[in-house]
Structures are given as C-alpha cells and as structure tokens.
Amino acid sequence: MNHEEFESKSVSPHCHGSENKPLEIYMFIDPLCPECWSLEPIIKKLSVEYGRYFSLKHVISGKLNALNRGKRQNYDQLVEQWEKTASRSGMSCDGSVWYENPVLSPQLASIAIKAAELQGRKAGIRFLRKLQEKLFLEKKNVSDFDVLKECASQIGLDVVEFVTDIHSESAAKAFQCDVKITAEMDVEEIPTMVFFNENIEDEGIKVTGQYSFDVYEQILKEMVPYRLEPSPLPAIELFIKHYTLVATSEIAVVYNMTEQEVNKEMKKLQLKQVVEQVPAKHGSFWKSLD
C-alpha cells in the first residue's frame, strides 16, 4: 500500500462531513486531559484498520475548565495524575508544566481547536494533536497566543484566518455547541466515546473511560449488519510519515508489537535516516525526517 492509498483508505476517515459511512463516533475529550491523550494509540489503530467504516467527531467537553486554577493543591493533584497516566500508557506527559508553565486559560485552547476546525475537520484534528504535543511533550502553555499561532503555522493552517477565527463568534459558538452536546448526551467523564450507526432509531453505545482495542473493535462489528474487514497495515515508515510524530506505544498498539520490537525497527529506520528519536520523560517518540 503506497502513501496515497494509506491516506485515502485509512486516515482520511477522520474527516467528517459528506462521507457516507455506516458509523459515526463522537469522541468527548478535553485537550488538557492526559487520559484523552493516552487513548491516541487506540484511535490510530481503529482509524488505520477500520477508518473506512466510520467518521470521527471530536467534541470538546470543557470538563477540566471547571478546575479552580491557581491553587497549588490542584496543581499537585494534576501533576500526580499526569505522571501516573504517562507511566501506565507510554504516552508521555510531563506534569511539571503545571509548576513551570501552567495553562492559565484552558477555555482559549478549546476555542482555538474550534477555530482550526473552521478550516476543515482534518485541520481541527491536526491542530488538536499539535496542541497536545506542545503541552504534554514540550511543556508549553497552550493558552498562550504565540503557542497557538505556532501550532497553526506548523500544521499548515492559514494563520491570519486562524487568528481572526479565534476571536470570532463562530469559534465561541462551536465550543458552546460542544459543551451543550456533552450535557445532552449525559457525558459526565472524559474520555467518552459514543458510537452511532445509520439507523437513527437506534441508541448510541456509550463507552466511558479507556479499554483495550478489542472492546472498541467488537462494538464496531456489532453495530453493522455485515462483516467488517480490517485494512492491511501500511509500512511503519509510511505510518510515521503520515502522522509526522508518533510514540513508541502508538506504533506498538497499531502493529501488535512489543515496545522492544518497535525500538529495534526504529533503530533500523534511524540508521537509514528515515526517523529521529524525540526524547520524552516517559517512553519515546519518533519523528519522520521525510
């Protein structure tokens, strides 16, 4: 499978809209939530193997925005939660950001994602991922306007349009709409995923928290009346090239490999100068040099 085929068959299904797909997944997240970040390996595997069957819609729930920021004990609690999640999942998130460079306006980060989405669903998803990388890996304050502009620039958005949109009523309304959907669907914890099929009479299946890939795969299979066939996996270097920066744990989940096996493969690609290792506090990340 070449790069274009990988793009069209596997990853573009993230793009939501006119596609006629039998399933839709609403994924309720908060961009500052480490548990949502730790779901990334499973989302990637679902997208690569079954992306042609579903559209993915991110709903920014705003759950963490309720925290009383500025209180030291809340920061202590956040740091502890981040470190636990990182060591369990291999998706590094460095909690010391809350002491060194805290996010003072979480709502702005959420509105920025909605502003990016005004340039297309895929743009919104790329922006969300870049924002998470800045926060969890680079310890950047993602409510800082310069950091948000940097995210937009690095993923190829029209930055002037993005800056206009972030101050617009459209982005603020889109965020409020997400908060409303969260309330209407009785989502009380994040991450939560709600699966819908084409039959509007059927209730969605709500999955709160994080489970193994098999659980989500089983739900997809139960929701359509025919057999779902997983797409073949692309070469690892194509996978990394597509996403630009991926964690060892993401590769391990998608390719059913141990982290030791992934590191062995990555060392080969490193020698070929296809990837470079990006150090992280927990686990490791690999960046495409192509």
Side-chain angles (χ1 to χ4, degrees), residues 1-15 34 36-52 56 82-83 85-94 122 125-140 150-151 153-156 210-217 228-290:
M1 187 187 289
N2 63 31
H3 184 52
E4 287 73 23
E5 284 176 321
F6 172 43
E7 172 118 12
S8 64
K9 286 186 182 173
S10 305
V11 184
S12 56
H14 271 315
C15 185
C36 298
W37 171 238
S38 74
L39 250 183
E40 282 285 284
I42 284 165
I43 296 301
K44 281 189 171 53
K45 188 168 178 65
L46 281 172
S47 297
V48 169
E49 294 197 2
Y50 296 105
R52 66 189 189 279
L56 182 67
W82 280 38
E83 297 297 329
T85 303
S87 53
R88 175 182 54 75
S89 69
M91 290 297 286
S92 189
C93 40
D94 191 338
K122 286 170 91 173
I125 286 167
R126 287 202 312 276
F127 184 86
L128 168 62
R129 172 71 184 206
K130 180 58 72 177
L131 183 143
Q132 288 172 316
E133 290 168 4
K134 294 278 178 207
L135 173 67
F136 294 121
L137 302 180
E138 297 178 34
K139 296 198 290 184
K140 295 277 180 77
E150 198 179 294
C151 289
S153 170
Q154 287 178 355
I155 64 157
Q210 186 172 342
Y211 295 88
S212 66
F213 172 75
D214 312 1
V215 171
Y216 302 102
E217 182 182 43
L228 298 190
E229 291 293 343
S231 296
L233 295 172
I236 290 178
E237 52 263 50
L238 284 183
F239 174 77
I240 299 170
K241 183 179 178 181
H242 181 85
Y243 285 108
T244 312
L245 181 72
V246 296
T248 298
S249 60
E250 290 181 298
I251 301 167
V253 168
V254 171
Y255 289 87
N256 297 322
M257 296 164 78
T258 64
E259 298 211 348
Q260 289 77 4
E261 288 167 340
V262 172
N263 285 326
K264 199 172 162 187
E265 285 303 308
M266 290 299 102
K267 293 285 186 283
K268 291 179 199 168
L269 294 180
Q270 221 175 354
L271 287 172
K272 291 185 192 171
Q273 296 187 317
V274 173
V275 299
E276 70 177 2
Q277 187 167 9
V278 176
K281 186 170 182 181
H282 300 273
S284 54
F285 282 72
W286 303 91
K287 185 178 183 181
S288 173
L289 295 176
D290 203 345

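Worth saying up front: this structure is predicted, and the values here are computed from it rather than measured.
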Does the side chain to side chain contact (heavy atoms under 4.5 Å, CB included) test come out yes or no for K140 and E150, once each step is laid out?
CA-CA 11 Å; K140 295 277 180 77; E150 198 179 294; 3.6 Å; yes

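- Between K264 and E261, no side-chain nitrogen of the basic residue sits less than 4.0 Å from a carboxylate oxygen of the acidic one, so the salt-bridge criterion is not met.
- A salt bridge is defined here as a Lys NZ or Arg NE, NH1 or NH2 lying under 4.0 Å from an Asp or Glu carboxylate O, and K241 with E237 fails to meet this definition.
- Ring orientation note: the planes of W82 and F136 are tilted relative to one another, at an angle of 30° to 60°.
- Checked against a 6.0 Å centroid threshold, the rings of Y216 and Y50 do not count as neighbours.
- K267 NZ: more than 12 foreign heavy atoms inside a 6.0 Å radius.
- Taking NZ of K130 as the start and CD of Q154 as the end, the distance is 4.5 Å to the nearest 0.5 Å.
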Verdict with reasoning, S288 to T244, per side chain to side chain donor-acceptor pair (under 3.5 Å):
CA-CA 5 Å; S288 173; T244 312; over 6 Å; no

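- Between K45 and E250 no salt bridge is recorded (no basic side-chain N to carboxylate O distance below 4.0 Å).
- In this structure, CG on N263 lies 8.5 Å from OG1 on T258, to the nearest 0.5 angstrom.
- Counting all heavy atoms, side chain and backbone alike, R129 lies closest to V246 at NH2-CA, 4.0 Å.
- Residue C151 holds its SG atom at 10.0 Å from CG of L128, rounded to the nearest 0.5 Å.
- Relative ring orientation between F285 and W37 is described as parallel, the plane-to-plane angle staying below 30° on a 0-90° scale split at 30° and 60°.
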Would S38 and Q210 satisfy side chain to side chain donor-acceptor pair (under 3.5 Å), going step by step from the backbone distance to the final call?
CA-CA 9 Å; S38 74; Q210 186 172 342; 2.9 Å; yes

